[in-house]
Amino acid sequence: MRIATWNVNSIGARLPRVLEWLEAAEPDVVALQELKCTSDDFPHLPIRALGYEAVAHGNGRWNGVALLSRVGLEDVTLDLSGQPEYEGVVETRAVGATCGGVRVWSVYVPNGREPDHDHYAYKLAWFDALRGTVASELAADPALPYAVIGDFNVAPTDADVWDIAQFANSTHVTPAERQALADLRAEGLADLMPRSLKGEPYTFWDYRNGAFHRGWGMRIDLIYANSPFVALAQDTWVDREARKGKGASDHAPLVVDLTDPVTVSP
DNA sequence: ATGCCCTATGATATAGGA
């Protein structure tokens, strides 16, 4: 089973690239983030034509997440348990589903903007709701392969940004954000590190200043998986090709291949 | 090489991204 996560930075603007990528990469389950559309405006038709059913959770101009699957899409959950509001709104940043015997969450963690901004406190509160949701789901079915995948908007270590000196007084690298990731790991999830291509683990490169061709990237799209999921994982990588050329998202897909769960024959 | 910001909006500037 092939599972991927991709912040597409608008499904409307990215649809040609997304369809092209689905046909070429043939993933079974895909988590999308930053749809920038409403649930009703999600392009179900062309995606269904490629064999995927989808659940989209979006409320307009910003945010929005989806799960695509060609191996079943069951027990769909919109939003986290106790998900905090921002400016009075529960934003569309999380959707979970069980696909082909694997429980997956597509998450788009708030950016945080600046360490002294309200959005940063919101980000940390959002992580706490994610931790709580994960804890209760893992306890309910410890043997179920389980992963939270998406844009976490945190670089787990200094090696996950091209130059840590550029991040003084910035979000994405602060001790509190990294502690939020550590708290998730403490609930039983592991950071499934992608195989390094060109010596870089990055999943995001800013559009500005030619960041991609200069190697100015960040690893902020992550796969946080429990032991049963990790035990099935064969290979994990970033599809840098999808970041190239005209009309690309500023994020690349992060992909993991799992062996299909073994069926015991008599 | 991959090539020097992009996207959506009651738009013609602004907010957000990270």
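Note that these values count all heavy atoms, side chains included, but never hydrogens, waters or copies made by symmetry.
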key: Residues from residues 169-185 of chain A lying under 4.0 Å of DNA chain B - heavy atoms   = A:His172
ask   = Using atom P of each nucleotide, how far apart are B:dG10 and B:dC6 to the nearest Å?
value = 23 Å
task = Just jot down the side chain to side chain contact (heavy atoms under 4.5 Å, CB included) partners of A:Glu241, sequence neighbours excluded, or say none.
result = A:Asp239, A:Lys244
message = With a 4.0 Å limit, can you tell me whether A:Asn7 has a side-chain N or O closer than that to the phosphate oxygens OP1/OP2 of B:dA18?
response = yes
ask   = In whole Å, what separates the C1' atom of B:dT2 from that of B:dA13?
value = 31 Å
message = Taking side chain to side chain contact (heavy atoms under 4.5 Å, CB included) as the definition, give me every residue that meets it alongside A:Thr157, ordered by chain and number, with sequence neighbours left out.
response = A:Ala159, A:Asp160
task = Classify the angle between the aromatic ring planes of A:Phe167 and A:Trp162 as parallel (below 30°), tilted (30 to 60°) or perpendicular (above 60°).
result = perpendicular
Any A:His251 side-chain N or O less than 4.0 Å from OP1/OP2 of B:dA18 = yes
task = Could you pull out all residues at least two apart from A:Ser10 that satisfy side chain to side chain contact (heavy atoms under 4.5 Å, CB included)?
result = A:Ala13, A:Lys36
Shorter than 3.5 Å, N or O on both sides, protein versus nucleotides 4-6 of chain B: list them out with atom names.
residue, atom, partner, partner atom, Å
B:dC4, O4', A:Gly210, N, 3.2

request  = Just jot down the side chain to side chain donor-acceptor pair (under 3.5 Å) partners of A:Asp221, sequence neighbours excluded, or say none.
outcome  = A:Thr203, A:His251
task = State whether the number of non-hydrogen atoms from other residues, nucleotides or ligands found under 6.0 Å of A:Asn169 atom CG is greater than 12.
result = no
request  = Decide yes or no, distance alone: a donor-acceptor N/O pair under 3.5 angstrom between the base of B:dT2 and the side-chain of A:Lys198.
outcome  = yes
